Amino acid sequence: QGKGMPFPPRLPASQSGTQGMTDEERLKAQQIMQVTAAMQMVSESCGFKAALSAVAGGGIGFFFGLVFGGYAQAVDEAVESKGPFREKVKIGFRSA
């Protein structure tokens with residue numbers, strides 16, 4: 001149990017990813033890692049997730065409102081019309 005490869009696998013310090021880099025490249029890599037860490041922290045926050053779900057939910061609601069809004073008018077016309085059921089169904093499908 002104690003022997004074997006650690007999970008997740010880690011490189012020894014002597015084989016770290018910055019070995020062989022110039023100081024400028026190492027600084028650039030460090031800045032990229034800091035930005036990545038900040039983006040991950042923001043994207044995992046409750047506020048970000050709540051805002052993202054509100055925007056997505058609003059978009060889905062808007063889409064369905066547009067799609068089914070036209071059918072609502074056709075259903076109203078069919079229900080308000082006088083005559084047999086078959087005639088109401090024809091009016092509803094014709095209007096949609």
Side-chain angles (χ1 to χ4, degrees):
Q1 187 185 38
K3 301 201 182 217
M5 184 173 256
F7 186 81
R10 300 183 193 279
L11 292 173
S14 63
Q15 296 178 359
S16 70
T18 60
Q19 187 180 19
M21 290 183 164
T22 64
D23 288 340
E24 185 178 316
E25 291 171 335
R26 190 174 291 123
L27 180 64
K28 183 73 172 172
Q30 210 171 26
Q31 289 172 344
I32 290 172
M33 287 189 284
Q34 287 174 345
V35 169
T36 303
M39 287 174 33
Q40 183 178 359
M41 189 171 39
V42 168
S43 66
E44 290 178 357
S45 70
C46 287
F48 177 79
K49 290 179 181 180
L52 191 63
S53 64
V55 169
I60 291 170
F62 180 74
F63 173 74
F64 281 116
L66 285 177
V67 169
F68 294 114
Y71 294 120
Q73 183 181 359
V75 170
D76 288 344
E77 288 177 15
V79 169
E80 292 171 358
S81 66
K82 298 200 183 329
F85 177 74
R86 179 176 260 163
E87 210 41 54
K88 290 182 179 187
V89 171
K90 283 182 184 178
I91 291 171
F93 279 112
R94 194 173 354 155
S95 298

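FYI, side chains are in, hydrogens and waters are out, and symmetry mates aren't considered; it's all heavy atoms of this structure. Everything quoted here is computed from the prediction, not taken from an experiment. The first residue of the sequence shown is numbered 1, and numbering continues consecutively from there.
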What one should report as the nearest heavy-atom pair of Thr22 and Glu25 is N-OE1, 3.0 Å
Applying side chain to side chain donor-acceptor pair (under 3.5 Å) to Gln31 and not counting sequence neighbours gives none
Please list every donor-acceptor pair under 3.5 Å in which a side-chain atom of residues 55-65 meets a protein atom from a residue at least two apart or in another chain.
none

- Answer with yes or no whether the hydrophobic clustering places Ile32 together with Met39; edges join I, L, V, M, F, W, Y residues whose side-chain heavy atoms lie under 4.5 Å apart. no
